[in-house]
Each structure stands twice: as structure tokens, then as C-alpha cells.
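Remarks on the structure that follows.
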Amino acid sequence: MVQTINALTPLDDARANLAESYDLHFSKAIERATESVYERVKDKIPQIEWSFYAPLIFAINQLKKEKDAVILAHNYQTPQIYHGVADIVGDSLQLAIEATKVKQSVIVQCGVHFMAETSKLLNPQKTVLIPDSRAGCSLASSITVEDVLAMKAMYPGVPVVTYVNTSAAVKAVTDVCCTSSNAADIVNRIEGNTVIMIPDQFLAQNTAKKTHKKIITWAGACEVHETFTAEDIAELRHAYPTAKIIAHPECPPEVIDAVDFAGSTAAMIDWVKTERPARVVMVTECSMSDNVASETTGVDFLRGCNICPHMKRINLENILWSLHTMTEEVTVDPAIIPAARLAVERMIEMSRKGD
Ligand code: 13P
Ligand code: SF4
């Protein structure tokens with residue numbers, strides 16, 4: 001057989017570089033060492049692809065020990081990351097809480113940049129790495145410090161609740177953070193009858209239904225969730241009349257009104273594990289149902305999802321490269337760390353009181 005290669009992709013380049021230092025052949029030994037992981041992902045990853053992933057997974061897990069590193073991975077990471085190399089998985093709140101407890105000296109954040117910054121804020125003395133620092137977020141890039149200061153000037157004395165999907169600099173000029181799992185609790189617990197809640201207009205509108213307080217928001221949106229419509233839900237109901245439909249609160253309110261449950265990524269996973277519907281559509285990022293499928297036998301996951309291009313910048317090659325070269329290191333200006341950290345810590349503290 002003759003194989004003709006037209007052009008090398010960046011991933012081929014990375015693999016070629018990595019192959020100089022690691023054995024990336026799919027040997028019998030690697031097959032055996034990774035078989036318990038494959039058992040969990042085999043319905044999602046064909047054997048032919050596994051022969052590429054398994055050597056990387058093996059090398060990453062070895063290198064983690066050598067470098068005293070821990071991998072924190074968001075629920076939107078691919079199954080080979082989520083099941084293969086992550087030490088801790090979760091939603092934004094869970095990852096922030098776990099970041100306060102890690103013992104290792106190096107954190108590799110498999111998620112987007114604001115998540116890595118949050119880990120750094122909570123661990124200023126540790127090395128925090130992100131395998132691709134271009135992994136951004138349309139919400140985080142929708143608002144600047146100047147925008148927040150202008151809002152504060154417009155509404156003097158009104159507390160500012162900021163979604164964790166913001167830069168550390170933005171967090172530093174706000175009072176408290178929230179995530180999609182605790183937004184209503186935080187808004188209800190904070191002083192005053194009016195709250196500025198930034199930058200996600202849809203999370204703010206969905207939260208407004210769970211509070212008597214007046215919420216002033218910002219015109220930011222998640223590019224993955226803002227595109228879902230009530231018509232999409234109606235079409236899904238028509239196509240799959242017996243399926244339950246669940247969605248993330250970054251979706252527009254008319255979508256949330258039309259679904260059976262809405263919650264953070266972790267809350268959606270818990271809901272599926274508890275309710276065990278025969279058929280379910282997760283209206284969110286596509287890796288969610290792939291990741292949870294192996295832990296919920298008997299549940300049929302139907303497609304109704306979008307891909308987050310930022311989350312998908314992280315892959316096994318750049319995780320191994322990141323650990324190999326100890327790049328890309330996430331830094332936060334020391335001048336803003338105390339204020340930004342306080343906003344995150346207040347959220348964690350207020351969430352604990354809600355337990
Ligand atoms: P969660 O906090 O629900 O994991 O959401 C993070 C996120 O970026 C969703 O788009
Ligand atoms: Fe940001 Fe949306 Fe991607 Fe989450 S899914 S990281 S909110 S762009």
C-alpha cells in the first residue's frame with residue numbers, strides 16, 4: 001500500500017517533535033496499560049483512533065508523576081482527555097474548589113484560559129499551565145475593565161456579580177463571582193435590591209426568574225449556547241417525542257423555558273445519573289454526552305449539541321507538549337491577584353453556606 005502525504009498539519013508536527021522524546025507507537029504493553037480507559041470510551045472512539053491516543057495517554061500519565069503535576073479538566077473536554085488523563089473533572093465551580101485543594105506543584109488546566117487564571121489566582125505559588133493559551137471564551141472577551149468601571153459609575157453602590165467566565169482583571173473590579181451552578185444563590189445572598197450581573201445576558205435573564213431583585217446586565221453571550229432557539233427545542237421534541245431535553249443556562253430564556261431541566265454542566269450530568277431517562281438530549285457542548293455515556297448505561301444520548309472551538313483547542317498532543325516543555329505558563333499581574341482572588345473566594349465561601 002502506498003500512502004501519499006500532501007501536507008503536514010500542526011498536529012503532525014507536534015507528534016513528530018514529541019516522538020523524539022516519547023515512544024508513541026501502539027505497542028502491546030501500551031494497549032494493556034490503557035485498556036481500562038479504552039473500556040470507558042470504546043463506544044465513542046474507534047480502535048484505529050485509539051492506537052494514536054493510547055501512547056499519548058500513557059506518556060502523559062507517566063510525565064505527570066515525574067513533574068508533580070495534576071490535570072484539571074472541564075466537562076467539555078474530549079473523552080480521551082476526560083477519561084484518559086484528567087485527575088479531576090467538573091464544572092467551573094467544582095474545578096475552582098478543587099484548585100484550592102491540590103497538593104501537586106504544577107496544575108495543567110484542560111479548559112479555557114479564564115479557568116486557568118482562576119486556578120492561578122487560587123494558587124499563586126504554583127505553576128499553572130494551559131496547553132494552548134489561545135483557548136478563549138466569547139463571554140470573557142465580551143467585557144473589559146473599562147466597561148465594568150463605566151457600569152459602576154452609572155450605578156454607584158450597586159454590587160457587581162461577575163460570571164467566572166471573565167478575565168482576572170475584570171474579576172478584580174467586581175464584588176463576587178458566580179458560576180452557572182450558584183448564580184441565583186449568590187444574587188439572592190448579596191446585599192441590596194439591585195445587582196449588576198455581567199457579562200452573560202442570558203444567564204442574567206435566567207437568574208432574574210429566580211430572584212425578586214432587579215438585575216442589570218451586559219450584552220455578552222456564549223457563542224456555543226446563544227445559537228440554540230425555542231424552534232430547535234420544538235423540532236427535537238417532534239423528532240424524539242419520548243426524550244427528555246436538558247440545557248445549560250447560557251442558552252436564551254425561551255430555550256430554558258422549553259426544556260425539562262436546566263443547570264450547570266455538573267448539574268446536567270447529575271440530573272442524567274439520577275433520573276436515568278431512557279433517551280436524553282443535552283443542549284450544550286457535544287463532549288458532555290460523550291463523556292457521561294459510559295457512566296450511564298441504559299441512557300440513549302441523542303444529538304442536539306454545538307462544539308466549543310475554544311475548548312477543542314486542547315488535545316492530547318499539546319497536553320504532552322505542555323508538560324514536556326512546561327509551557328504555556330499562565331500568569332496574572334500580582335497587583336490584581338488579591339482583589340480577583342477575593343471575588344472568587346467570596347463565591348466559594350457563599351456556595352459552601354448554601355450546602
Ligand atoms: P459550567 O460552569 O456549567 O461548567 O460552564 C462553563 C462553561 O463555559 C459553559 O459554557
Ligand atoms: Fe465560553 Fe461558551 Fe466555550 Fe463555555 S462554551 S468556554 S461559555 S464560548
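Atoms within a ligand are numbered from 1 in the order they appear, just like the ligands themselves. Below, each value reflects all heavy atoms present in this structure, side chains not excepted, and no hydrogens, waters or symmetry copies. Computed from a predicted model, the values in this text were never measured in an experiment.
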Please find out if atom 1 (Fe) of ligand 2 and some N, O or S atom of Cys137 are separated by less than 2.8 Å.
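Checking atom 1 (Fe) of ligand 2 against Cys137, an N, O or S atom does fall under 2.8 Å.
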State whether a side-chain donor-acceptor pair under 3.5 Å links [X] with [Y].
X      : Y      : value
Asn306 : Thr227 : yes
Glu285 : His248 : no
Tyr163 : Ser92  : no
Asp290 : Ser287 : no

Any heavy atom of [X] closer to ligand 1 than 4.0 angstrom?
X      : answer
Asn165 : yes
Glu285 : no
His74  : yes

Should you measure from each heavy atom of [X], which atoms of ligand 2 turn up under 4.0 Å away?
X      : result
Tyr76  : 5 (S)
Ser138 : 8 (S)
Leu139 : 7 (S)

Which of the atoms of ligand 1 are close to Ser180, meaning less than 4.0 Å from one of its heavy atoms?
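With Ser180 as reference, the close atoms of ligand 1 come out as 1 (P), 2 (O), 3 (O).
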Give the atoms of ligand 1, by number and element, whose distance to some non-hydrogen atom of Ser264 is under 4.0 Å.
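Per the distance check, 3 (O).
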Measure from atom 3 (Fe) of ligand 2 to every heavy atom in Ser142, Cys308, Pro309 and give the option owning the shortest one.
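Among Ser142, Cys308, Pro309, the closest heavy atom to atom 3 (Fe) of ligand 2 belongs to Cys308.
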Candidate with minimal heavy-atom separation from atom 7 (S) of ligand 2, of Asn165, Asn306, Val164
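Among Asn165, Asn306, Val164, the closest heavy atom to atom 7 (S) of ligand 2 belongs to Asn165.
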Quick one: are the Cys222 and Cys137 sulfurs under 2.5 Å apart?
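Taking the criterion (SG atoms under 2.5 Å apart), Cys137 and Cys222 fail it, so no.
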Verify same cluster id: Leu24, Leu63 (apolar side-chain graph, 4.5 Å)
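Linked within one cluster.
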Is there at least one pair of N or O atoms, one from Glu250 and one from ligand 1, spaced under 3.5 Å apart?
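In this structure, Glu250 places an N or O atom under 3.5 Å from an N or O of ligand 1.
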Give yes if a backbone or side-chain nitrogen or oxygen of Asp91 is under 3.5 Å from a nitrogen or oxygen of ligand 1, and no if not.
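No; the residue has no nitrogen or oxygen that sits under 3.5 Å from a nitrogen or oxygen of the ligand.
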Counting only heavy atoms not in Phe26 (residues, nucleotides, ligands), do more than 12 fall under 6.0 Å from its CZ?
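Buried by this count: over 12 neighbours within 6.0 Å.
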Step through the shown structure and confirm whether more than 12 heavy atoms of other residues, nucleotides or ligands are within 6.0 Å of CG on Asn193.
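Atom CG in Asn193 is not crowded, with 12 or fewer foreign heavy atoms closer than 6.0 Å.
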Got a salt bridge between Glu35 and Arg32, using NZ or NE/NH1/NH2 to carboxylate O under 4.0 Å?
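Salt bridge flag = no for Arg32 with Glu35.
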Which heavy atom of the protein is the closest neighbour of [atom], given with residue, atom name and distance?
atom                    : value
atom 2 (O) of ligand 1  : Ser92 OG, 2.7 Å
atom 2 (Fe) of ligand 2 : Cys222 SG, 2.3 Å
atom 5 (O) of ligand 1  : His248 NE2, 3.3 Å

Min heavy-atom dist Glu250 to ligand 2 below 4.0 Å:
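The answer is yes, since Glu250 has a heavy atom less than 4.0 Å from ligand 2.
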Going by the angle between their ring planes, with limits at 30° and 60°, are His324 and Tyr22 parallel, tilted or perpendicular?
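His324 vs Tyr22 ring planes: perpendicular.
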Could you tell me which non-hydrogen atom of Ala266 sits nearest to which non-hydrogen atom of Asn75, and how far apart they are?
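In this case the closest contact between Ala266 and Asn75 is N-ND2, 3.6 Å.
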